Structure formats: C-alpha cells, structure tokens
A.B. asks: 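Starting off with a structure, shown below.
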Amino acid sequence: MPELAEVETVARGLRPLEGRRIVSVWFGKTDFIAEPQRLAALLPGTCLASVNRRGKLLLLELQPQAPAVGASGETFWLLIHLGMTGQLVLRDPSQPLAPHTHVRFALDDGRELRYVDVRRFGRMRIATVEELAEIVAPLGADPLEVSEDEFRRRLSASRARVKSILLDQGVLRGLGNIYADESLWWAQIHPLRRGAELSAEELGRLWRSIRNVAREAIRLRGTSVSDYVDANGQPGGYQKRLRVYRRTGRPCRRCWAPIERIVVAGRGSHFCPQCQPARRVRSNRRSSGGRKKRLGS
DNA sequence: AAGATTACCTGAAGGC
DNA sequence: TGCCTTCAGGTAATCT
C-alpha cells in the first residue's frame, strides 16, 4: 500500500529523471485519469523540471519546451496518486509490458516510465498552478514536520476514533493503514480510543511513534506486503519490522499476547489487546484509592 | 454537521 | 476440480 514512505521512495527514484524530456505518451485504460485528452495534448515535448511529494500525492512539474499553439507555455503539474496498487516503474522499452500497464511515458534517454495499477484506485491528472493550490489546500500537516503541540491540538480537536483521525488526510497527510496501526502499537494506544480523550502524555507518545515509524519506513524504502515496488521495481524492507499489521493471532513482540484484528473506519485494524488497552490504564492497583481524579477541566 | 459507512476495482485465498 | 464468497484499502460519495 503506497503511503508516505512508499511514495517518498518512488519520488526519490524518479528525481534522477529531472531534466529529462517526455517524447511521447501511450495510454491503455484511462478511466482513472481526469482528462486523458489534456494529458495527451500537453505532455509530449515537456521537460520534467522537478519531482515532489505532498502526502501520498506525487507532483511532477513539467516545463513546455517550445510552447505549442493554444498552450500557455507556463509550467504545469502532473499529479499522480498511486491509490492502493499503483506502480511507477522505469523500464527499457524492450522489456515486456506487465499486465495492467495503463500509461507509458517515453523519455528522451530512450527509457520508459510505466504506470501499472491492477485495481485502478490510483488517480492521474494535469493541474495548473492555481489548480494545484486548490488540490493541496485541504491536506493536513506533514507527520514529520508537525510540532508536538500542533499534533496534540489537531488530534484532540476530534471525538472520532484515533485510528480514523490518523487516516484522515486533512489532519495528517501521508499516513495509511499500515503506519497508523504500527504507530498506535508503539504508542500503546487502542485504535478505538477517541482523539479528544487522549492525555497529553499519550498524544506525545503517539507523535514520537509516528515520527519514528515514518523515518524508519523511509530509511528502509517502504513496506512491501502485496504490490508495492519502487521506481526501479525493487521491494521495500519495512515489512520485516511490522509489529501488528497483518499479524492477527501471532504473539505481540512486547508481551506475547495474541494480536487481534477489528474493523475501524472500515479498515482492518491490528493491535495488542494487552499493550493497547481499550480504556485508559489505571496507574497502579496498589496505590489504592481507586482511579486518579481527572483535573477539573 | 461531524462522524461513520459504502462504492469503486481486481486478484488471492478460503470454503464446500 | 471448480464455483462462490470474502477480503484487501485510499478516497469520494453517501448516509445518519
């Protein structure tokens, strides 16, 4: 599943192509492309000026070389969202086409950038500067750049399940099901807990967990559980580090209790029932006096 | 009206 | 063996 770390890895793999020119474009199925004609008309002859990422969205900046009739000549962006099974792979044109190859960008160095997507949950479109600003505006904070204070403020503003909040791209951009589950395990927070009921300490743990998981996942070039490969067709390495994701019934790496799976926000959610209690942990039985009083508002 | 649920899409895997 | 059902999940649309 392409999330922050996978898309970042793909972006880094495409960055060496900056300065390359797109010679021609070939299309297969186009039902996941916003305006295929616009792509077909605008892309050929453009120069790839930069490769960037915003959350899970890839931004390819394209510079027209000789402004065509009717074209403004200004730079524009090719936006690519890999959805769930999308792949962008650099290949030699002589290599056989993988099934579900839907777009091929022929480059001026003789190579070919291919978009492959079994389920076609991915999206592709052209955007002007103004359109790009509109598309990117609703996205939330970058998990690696957000301050701890800002993170706490954003999460405690919602009464939704913390798992849902982490998946909400308008709160944080780039987290998906895998890294949400993994981060909650490291922070020892149950996925059904509500954002507004998390303590400052719990939110601090979650903030740090997300940063560590995201950084480590990027370092290991993403998680490959089903389809994900980078721009060179290579799988990532973070699947070896997974603590809960798709480990239902297997022992928790911290306490040996069997990992459980429930559905939250329509997504399989994996957690340790012992390390990630559904209710806030009572501090200490022996300190008597029952549960701690919450500070009055 | 925020929060929860469903549709989209295809292949793998499990049940009988 | 083969057919049928279920599951996987990012996002937009729809429901409550």
Side-chain angles (χ1 to χ4, degrees), chain A residues 1-11 28-35 53-59 79-88 97-103 115-125 127 131 134-140 142-143 153-184 190-198 214 217 222-229 235-236 238-239 242 244-249 259-271:
Chain A
M1 271 55 66
E3 307 180 24
L4 178 150
E6 290 73 29
V7 181
E8 177 62 28
T9 303
V10 171
K29 287 189 179 173
T30 56
D31 58 353
F32 64 97
I33 304 176
E35 300 163 282
R53 175 186 65 83
R54 197 85 176 164
K56 301 173 190 171
L57 193 61
L58 276 168
L59 319 176
L79 309 185
I80 302 176
H81 195 299
L82 299 174
M84 189 173 148
T85 52
Q87 303 175 338
L88 268 177
L97 282 189
H100 308 289
T101 300
H102 303 306
V103 188
Y115 181 75
V116 183
D117 191 350
V118 178
R119 270 160 254 193
R120 303 203 305 286
F121 275 19
R123 291 289 177 266
M124 205 178 282
R125 65 161 292 177
E131 289 168 336
E134 277 179 39
I135 291 164
V136 151
L139 291 177
D142 185 305
R153 201 183 59 71
R154 283 177 177 262
L155 265 85
S156 50
S158 171
R159 285 208 48 77
R161 312 292 188 182
V162 62
K163 172 69 183 275
S164 301
I165 304 174
L166 293 183
L167 294 177
D168 185 344
Q169 302 300 298
V171 177
L172 291 174
R173 56 175 193 258
L175 294 190
N177 205 38
I178 298 177
Y179 300 127
D181 279 4
E182 292 299 306
S183 300
L184 287 170
H190 193 286
L192 286 176
R193 299 282 305 282
R194 294 181 185 273
E197 78 187 25
L198 295 173
T223 305
S224 294
V225 284
S226 52
D227 302 79
Y228 166 73
V229 290
Y238 196 77
Q239 60 278 8
L242 295 179
V244 282
Y245 182 75
R246 291 205 186 170
R247 292 193 66 247
T248 311
I259 299 302
E260 287 183 14
R261 178 189 178 277
I262 57 176
V263 174
V264 186
R267 296 288 161 266
S269 299
H270 312 76
F271 66 101

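Basis for what follows: all heavy atoms, side chains included, without hydrogens, waters or symmetry-related copies. Lettering follows sequence order; numbering is per chain, from 1. Note that the structure is predicted; figures quoted are calculated from it, not measured.
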A.B. asks: At what distance, to the nearest 0.5 angstrom, does CD1 of A:Ile33 lie from CZ of A:Arg125?
C.D. replies: 12.5 Å
A.B. asks: Salt-bridged, A:Lys163 to A:Asp181, with N to O below 4.0 Å?
C.D. replies: yes
A.B. asks: A:Arg246 side chain N/O closer than 4.0 Å to the phosphate oxygens (OP1, OP2) of B:dA13?
C.D. replies: no
A.B. asks: Rounding to a whole Å, what distance do you find between A:Glu3:CD and C:dA8:P?
C.D. replies: 15 Å
A.B. asks: Who are the side-chain hydrogen bond (donor to acceptor under 3.5 Å, both in side chains) partners of A:Gln239, not counting sequence neighbours?
C.D. replies: none
A.B. asks: Among all residues two or more places apart in sequence or in another chain, which pass the side-chain hydrogen bond (donor to acceptor under 3.5 Å, both in side chains) test with A:Arg267?
C.D. replies: none
A.B. asks: Search all heavy atoms of A:Tyr115 against all heavy atoms of A:His81 and return the closest pair with its distance.
C.D. replies: OH-O, 3.8 Å
A.B. asks: Identify, with sequence neighbours excluded, every residue that meets side-chain hydrogen bond (donor to acceptor under 3.5 Å, both in side chains) alongside A:Arg153.
C.D. replies: A:Glu150
A.B. asks: Could you work out, with side-chain hydrogen bond (donor to acceptor under 3.5 Å, both in side chains) as the rule, every residue matching A:Tyr179, not counting sequence neighbours?
C.D. replies: A:Glu6, A:Thr223
A.B. asks: Does OP1 or OP2 of C:dG10 have a side-chain N or O of A:Gln169 closer than 4.0 Å?
C.D. replies: no
A.B. asks: For the pair made of CZ in A:Arg161 and P in B:dG3, what is the distance, rounded to whole Å?
C.D. replies: 11 Å
A.B. asks: At what angle, to 10 degrees, do the two end axes of the helix from B:dA2-C:dT16 to B:dC16-C:dG2 meet, given five pairs define each axis?
C.D. replies: 60°
A.B. asks: Which is more 5' along DNA chain B, the nucleotide nearest A:Ala157 or the one nearest A:Gly266? Just name the residue.
C.D. replies: A:Ala157
A.B. asks: Atom pairs, N/O to N/O, protein against nucleotides 8-12 of chain B, distance under 3.5 Å?
C.D. replies:
from, atom 1, to, atom 2, distance (Å)
B:dT10, OP1, A:Arg120, NH1, 3.1
B:dT10, OP1, A:Arg120, NH2, 3.4
B:dG11, OP1, A:His100, NE2, 3.1

A.B. asks: Just call it for A:Ser158: base, sugar-phosphate, or nothing, with non-hydrogen atoms closer than 4.0 Å on any strand.
C.D. replies: sugar-phosphate
A.B. asks: Atom CE of A:Met124 and atom P of C:dT11: how far apart are they, to the nearest Å?
C.D. replies: 15 Å
A.B. asks: Quick one: A:Leu4 CG to C:dG10 P, roughly how many Å, whole number?
C.D. replies: 13 Å
A.B. asks: Over how many whole Å does the gap from A:Leu167 atom CG to B:dA4 atom P extend?
C.D. replies: 12 Å
A.B. asks: Which whole-number value in Å describes the distance from A:Glu197 CD to B:dG3 P?
C.D. replies: 13 Å
A.B. asks: Scan A:Gly122 against the nucleic acid and name what it touches under 4.0 Å (heavy atoms): base, sugar-phosphate only, or nothing.
C.D. replies: nothing
A.B. asks: CG of A:Leu184 to NE2 of A:His270: how many Å apart, nearest 0.5 Å?
C.D. replies: 12.5 Å
A.B. asks: Can you tell me if the side-chain N/O atoms of A:Arg194 get under 4.0 Å from OP1 or OP2 in B:dA4?
C.D. replies: yes
A.B. asks: Measuring from the side chain of A:Ser164 (C-beta onward, heavy atoms only), which nucleotide among C:dC7, B:dA4, C:dT11 has the closest atom?
C.D. replies: B:dA4
A.B. asks: Taking all non-hydrogen atoms of both residues into account, name the closest pair between A:Val162 and A:Pro191 and its distance.
C.D. replies: CG1-O, 3.5 Å
A.B. asks: Could you state the NZ-P distance from A:Lys163 to B:dT5, rounded to the nearest angstrom?
C.D. replies: 13 Å
A.B. asks: Let me know the distance between CG of A:Asp181 and C1' of C:dA8, rounded to the nearest Å.
C.D. replies: 13 Å
A.B. asks: Go through it in stages, so that I can follow the logic: the residues are A:Tyr238 and A:Tyr228, the test is ring pair (Phe, Tyr, Trp, His ring centres under 6.0 Å), and I'd like the CA-CA distance, side-chain angles, deciding distance and then a yes or no.
C.D. replies: CA-CA 12 Å; A:Tyr238 196 77; A:Tyr228 166 73; over 10 Å; no
A.B. asks: Using a cut-off of 4.0 Å on non-hydrogen atoms, how would the nucleic acid contact of A:Tyr245 be classed: base, sugar-phosphate, or nothing?
C.D. replies: sugar-phosphate
